[in-house]
> 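Have a look at this one.
One is the number of the first residue; the rest follow in order along the sequence. Just so you know, ligand 1 is whichever comes first in the structure, and atom 1 is the first atom listed for that ligand.
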Amino acid sequence: MVKKLKLIDSKGLRMDGRKPDELRPIKIEAGVLKRADGSAYLEWGKNKVMAGVYGPRECHPRHMQNPAKAIVRCRYNMVSFSVDDRKRPGPDRRSTEISKVAGEAFSSVVFGEQFPRTSIDVFIEILQADAGTRCAGITAASVALADAGIPMRDLVAACAFGKVQGKMVLDLDKEEDNYGEADVPLAIIPRTEEIVLLQMDGSLTTKELQQGLKTGIDACKQIYQIQKEALKRRYAVILEEEETTEGDA
Ligand code: ADP
């Protein structure tokens, strides 16, 4: 007989010791790539993500240009060594879907009217994956957009919630995602709590969804603080560098 994997113990704790509404540890560093206009590196539990932003720049192919505003394009990609089995390189249905929904989430915060006919290109590379990579990617790319100096209404923060062995939990890891009953990625504009991405894999009752949304929104606000801290550290370094160059002159 196959022994059933116990994802929640008798004390209500998860396999990695987290409480149901506890996030995995998150670290963000902004401005890590020299050649990109903006960038961010993020570690979220065992997920490792690099995000780079280029633009606003002249949009190619030209038929995609919008004379009224910039278009925001996003490419989400999982590198071959990001998962246990080698991932076949190149786009697939899943990465095309994630690129689309992430791009739409960013379009809702970027002030594109200021840059007609241009494109803002967002690249999300998943270097190591352990579930929740679309949320990790969106969170990192949003910091990269701010690092690129793109005018925005606010950052976008993202986090998933779901249900595992009958319990509502926040920020599912790979085992929980594989064996759980539901996984619901959520992205919001933290200042207004507007939802810019909401997907669901599995099923929940209306009450569970409402409970999950509340915990998910609170979590996004915690993540927002980490994003802002990363940007503050980045600007402190820039100011320091400017002061040193001025002093040398
Ligand atoms: P998310 O990463 O946003 O949770 P999914 O729920 O689609 O997106 O995927 C969950 C996890 O499954 C991923 O984070 C990754 O660890 C794993 N995974 C996804 N696609 C593949 C793949 N092609 N090969 C192996 N593992 C994969």
Side-chain angles (χ1 to χ4, degrees), residues 5 7 14-16 18 20-28 40-51 74-106 122-144 155-165 167-188 195-204 208-209 212-213 215-217 219-220 222-224 226-227:
L5 196 61
L7 295 170
R14 299 151 75 177
M15 278 176 87
D16 58 4
R18 278 188 294 155
D21 60 352
E22 196 175 330
L23 286 166
R24 289 173 283 182
I26 301 176
K27 277 196 290 190
I28 309 177
Y41 172 69
L42 171 146
E43 288 185 1
W44 181 327
K46 290 183 205 142
N47 290 314
K48 295 188 178 180
V49 180
M50 185 65 85
C74 178
R75 195 195 71 171
Y76 164 102
N77 180 52
M78 262 178 34
V79 303
S80 293
F81 52 78
S82 61
V83 287
D84 286 340
D85 307 319
R86 173 180 178 273
K87 187 203 163 273
R88 196 162 173 263
D92 49 28
R93 280 180 59 162
R94 177 177 170 276
S95 65
T96 307
E97 171 212 315
I98 298 177
S99 302
K100 180 178 184 291
V101 292
E104 286 167 359
F106 300 132
V122 180
F123 297 91
I124 297 171
E125 293 289 327
I126 308 299
L127 308 176
Q128 190 169 288
D130 190 56
T133 59
R134 78 193 67 200
C135 293
I138 289 170
T139 299
S142 155
V143 173
L155 295 168
V156 174
C159 181
F161 60 87
K163 190 171 153 187
V164 172
Q165 293 178 347
K167 290 243 158 34
M168 291 302 291
V169 294
L170 188 71
D171 185 21
L172 286 73
D173 66 16
K174 187 77 177 76
E175 271 73 34
E176 295 174 331
D177 184 86
N178 281 0
Y179 303 106
E181 291 97 87
D183 179 32
V184 188
L186 163 77
I188 65 163
I195 294 175
V196 290
L197 176 141
L198 183 64
Q199 300 183 282
M200 178 148 84
D201 188 6
S203 63
L204 291 176
E208 286 168 341
L209 183 64
L213 275 172
T215 329
I217 289 172
C220 287
Q222 280 180 49
I223 294 160
Y224 184 47
I226 304 172
Q227 289 175 304

> Between C74 and A102, which heavy-atom pair has the shortest distance, and what is it?
SG-CB, 3.8 Å
> Can you list, by chain and residue number, every protein residue with a non-hydrogen atom closer than 4.0 Å to ligand 1?
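Around ligand 1, where the cutoff is 4.0 Å for heavy atoms, the contacting residues are M78, V83, K87, R94, A129, D130, A131, G132, T133, R134, K174, D177, D183.
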> Using side chain to side chain donor-acceptor pair (under 3.5 Å) as the criterion, list what pairs up with Q222, not counting sequence neighbours.
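Once residues adjacent in sequence are excluded, Q222 has no partner under the side chain to side chain donor-acceptor pair (under 3.5 Å) criterion.
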> Under 3.5 Å, side chain of Q227 to main-chain N/O of T139, donor-acceptor pair present?
yes
> So, using side chain to side chain donor-acceptor pair (under 3.5 Å) as the criterion, who are the partners of T215 when residues are at least two apart?
none
> Enumerate the salt bridge (charged side-chain N to carboxylate O under 4.0 Å, His left out) contacts for residues 87-96, please, sequence neighbours excluded, ordered by first and then second residue.
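Applying salt bridge (charged side-chain N to carboxylate O under 4.0 Å, His left out) to every pair that reaches into residues 87-96, excluding sequence neighbours, yields K87-D92.
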> Atom CZ in F161, atom CG in L209: separation rounded to 0.5 Å?
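So the gap between those two atoms works out to 5.0 Å.
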